[in-house]
Every structure is written in structure tokens, then in C-alpha cells.
Student: 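Provided herewith is a single structure, encoded as C-alpha cells, for subsequent inquiry.
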There are 2 protein chains.
Amino acid sequence: MPLEIPDVVIDRLPVYARALAALERSGREVVSSQELGTQLGVTPAQIRKDLSYFGRFGKQGRGYNVRRLMEELHQILGLDRKWTMVVVGVGQLGRAVLSYGGFAPQGFRIIEAFDADPAVIGQKVDDLIVKPVEQIRESLAGRPVDIGIVATPAAAAQKVIDALVECGVRAILNYAPIAAHVPAHVRVKDIDPVLSLQSMTFYLKNGAPPAGTA
Amino acid sequence: MPLEIPDVVIDRLPVYARALAALERSGREVVSSQELGTQLGVTPAQIRKDLSYFGRFGKQGRGYNVRRLMEELHQILGLDRKWTMVVVGVGQLGRAVLSYGGFAPQGFRIIEAFDADPAVIGQKVDDLIVKPVEQIRESLAGRPVDIGIVATPAAAAQKVIDALVECGVRAILNYAPIAAHVPAHVRVKDIDPVLSLQSMTFYLKNGAPPAGTA
DNA sequence: GTATGTGAACCACTTCACAGCA
DNA sequence: TGCTGTGAAGTGGTTCACATAC
């Protein structure tokens, strides 16, 4: 069914879903692509086209039922179920990830944490006992882990990723500053604030960006 | 000079710069676009085309001088100088940002931290005394701040962003889960791990992604 | 021989514009 | 009348392929 849907489209769906959730909380029952678009900084046509890959969710002359569309998107994205994650690397960054309160409410649960440092192994962080990296394979053997979060130093990251992939992990959230090499069936999303900063400085340095009004 | 360079190109330059820095540390003097490409998962043509927006940095038959190209990129991106930042929101996330060791070595210094919570205001976090959000304007008046980091709850974020923009901030690193509204001359980069997870689950749910070999 | 730099061809996503329906 | 859904047109970025230079 999901044949030839551009990745960019998939990336936008969670944004729509989040906006719809907010609208629903505020008691709104119907939205137009127009209104959703201005709220999110996306053109209405874009929204309609994106949704059209998956079905017809709106009513002409009226717009979209907020709750209905939200639920459809949740279903499409698999947000109507729980996902399990493991964190590898329990330094400052890994700790922040482990204690971040934003994952659980969205159905993303961290069930295991690993580190290479003997001083860290055995520590209890956010209700999890940190295990040694060497135990990734045995620890996850036969256990269904959906997503791996990599928060190790750059030098260790690729090996960790290899191990996770071997264990059947098919999605990786990568905080390490490397370009991960993974087989084609594995998805990687990089979180790299330094890269974000380093591209913005280009525009800071060169005055106004080439984007509309000054 | 930088007329009509696609944003995607600018986004890739820091990635190249980082890879070159690593090559330089390892003593490498020359690279081809071919080699750099396989290392980064980018086509060689892409790299050459990207660089061609800015000049001719290579030698035919040989490749690129690692140090030279790295320095050129640093110069283009403005990484050859220091940038100042302020953090707004000193909750868990803000603290993690403040104590993150990855910014300073790249020339990004946080010079001020703000929060709305009276219990947090006045606290010393990573050598900075947290100031009240209401003081953003007076605190930054006449002071050159380049980048604002927003780590507040969603509900507070837009107002904070407005204040920062008023103070002349032209680049924002946004950790809040909202679509920021800013004037055209202001750049925003969003860091949102939940959105990243929520788009990957689509592929988890739907088997192998439409991307090459299985 | 080898790898760059680049116009031209290609491809993918976005936007347009309108038919269709409530 | 108002807004969706969508083929068609348009735009922007990527890849090709080769002339050029070392």
C-alpha cells in the first residue's frame, strides 16, 4: 500500500498530527487545509496533496474533522501503538535522553541502557540499570526492540550501530556526529545541533537570506 | 556573492567540513570527491557541484587538499569566528543544552540563560546565573547576540522567540515542539527527536522502505 | 591516467487551477 | 458558496557525462 510516497511527506505527517492534537485539546472540531497551513507555515495545497496519498479524509466545502484526521494519521504512522527503544551511551547526552519526559507520553519507551565505561555500568539511571555495551547482543537476543538511540562518542558510534542492526533494530536515532552506515532496510535520523548551528552561521555571516521580504 | 545557493547545499557544507577535519587529524593531505562521498554517503557529483557554487578548490587528476578545503569551508560558513548564544528555558532540556560540551569547541558560546520559573531564576547553571525571561530585552539591549536557543515548553516558545527576534537575534535553534513564526530575515532550525521517531515508525510499521536493496 | 568542474538531462517535489461535491 | 482532491504545469535539486586540466 505505501508505494512511492516521498520521504518528505512522511516527515510532515507527524507535524500535522501534532497540530491536530492541539486543536482537539482546544475543542476544535473542524479545520481547513488553509487554516492548518497558516498555523504550520505550509501551503494548503501541500497538506491536501500529502493527505491524498493515503485517502480522502475531508469534506468539500467544510474541511477536515479534527479528531478523525488525527486518528487516521496516528494509524498511518503507527502512533496508535507502543514502541520500544534502547539507549547506548550514558554520558551527559545519554542521561538527558534517558530522563527526557517527552518520549513516554508519545508511546516511546526506553527499556534498556548500555555504556562502555565501567564507572557507569551498573549505575541506576532513570530506573534502568546500565549494562555493558558488550551485552547488547545477548541482552536483546529474541527481544523485540524497535528503535536504537545512539548517544556515544563519534569513535564508538558505528560499531554500536552495527551491533544494533544485527539485533534486528530497524530504526536509529543518532546523536553521534558521524554519517552512519547501515543496510538499506534500516532508517536513520540524525540529531545534530552543531550542524544546525553551523549552517545558520552562513546566513548570519551573509546578511539577509534569499527568502522573501527583508 | 551568495546569490541563489540552495539551502540544502548550505546544510551539507558543515558535514563536509567535519569530515575534512577528521581526515586532517588523521594526517591525510588529499581527498577525492569520490572518497569523501563514500565516507559520507553522498555522491561525488553532489560534492563537486556543491563546492562549485563557491569556487574551484580541487586539482584535476588529484583531488582536494584537505586542509585547504576545510579552511575554505570554515571561511564560507563563518566557522572561523566565534558566535554568541543565549538559552531560554532552563528545565531539564535547557540544562542539558547549557552543560553540553559540544558547542564551545566549535566556537559557539552561551553567554546568558533565562527562565520563567522563580525557583530556577538566580540559580547558577554551568557558570551562568539564570535571569528572568522578562529581562531578555533589557539584558540583550545593545549586546550582540547571534543565536537564540529556545528550550521552553511549547506554550511559552512563540513569545520567547518574538522577544529574541526583537533583540536582533537572526538565528534560532528551536527545541520547542512548535512551528515558529518569524520574519523572513530570521533562520530557524528545529531539533525535535519526537518528530524524528514518529516518522520512522511509519517505515517500521510498513516493512522495508522504498530505498534500494533489501 | 585520473579526478575536477559544469552545462544539459533528468527526476522529484511543489504549486496551480479547476472539477466535483457538500 | 466553500473547500477538498487531483491531474497538469512548474520549479528546484540531483545526476550524468564529458571537456578540461594536472
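On a predicted model such as this, the values are computed, not experimentally measured, just so you know. In what follows, chains carry the letters A, B, and so on, assigned in the order in which the sequence lines appear, proteins first and then strands, with residues in each chain numbered from 1. For the numbers below, each heavy atom of this structure counts, side chains included, while hydrogens, waters and symmetry mates do not.
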Student: Tell me, for nucleotides 1-8 of chain C in 5' to 3' order, what letter each nucleotide earns: B for a base near a protein heavy atom under 4.0 Å, S for only sugar-phosphate near one, - for neither?
Tutor: -BBBBBBB

Student: Give me the one residue out of B/I47, B/V66, B/N65 that meets side chain to side chain contact (heavy atoms under 4.5 Å, CB included) with B/V31.
Tutor: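 Of all the options given, the one that passes is B/V66.
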
Student: So does B/R28 pair up with B/E24, basic N to acidic O under 4.0 Å?
Tutor: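 No.
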
Student: Got a salt bridge between A/D11 and A/K189, using NZ or NE/NH1/NH2 to carboxylate O under 4.0 Å?
Tutor: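 Yes, A/D11 and A/K189 are salt-bridged.
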
Student: If we check side chain to side chain contact (heavy atoms under 4.5 Å, CB included) with B/F114, which of these qualifies: B/L128, B/V160, B/L140?
Tutor: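 Of the listed options, the one satisfying the test is B/L140.
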
Student: Please report, rounded to the nearest Å, how far the P atom of C/dA12 is from the CD1 atom of A/I10.
Tutor: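 Value for this atom pair: 16 Å.
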
Student: With a 4.5 Å cut-off on side-chain heavy atoms, are A/D80 and B/K205 touching?
Tutor: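 Result yes, sub-4.5 Å side-chain heavy-atom pair found.
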
Student: What I want to find out is whether A/R187 reaches A/D7 closely enough, with some N-O distance under 4.0 Å, to be called a salt bridge.
Tutor: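 A/D7 and A/R187: salt-bridged.
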
Student: Could you check whether any side-chain heavy atom of B/Q46 comes within less than 4.5 Å of a side-chain heavy atom of B/R12, counting everything from C-beta outward?
Tutor: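 Yes, side chains in contact.
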
Student: Which is the 5'-most and which the 3'-most nucleotide of DNA chain D that has an atom under 4.0 Å from a heavy atom of chain B?
Tutor: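 Result: D/dG13 to D/dC22.
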
Student: Hey, are A/R137 and A/E166 close enough for a salt bridge, meaning a charged N less than 4.0 Å from a carboxylate O?
Tutor: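 Salt bridge present between A/R137 and A/E166.
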
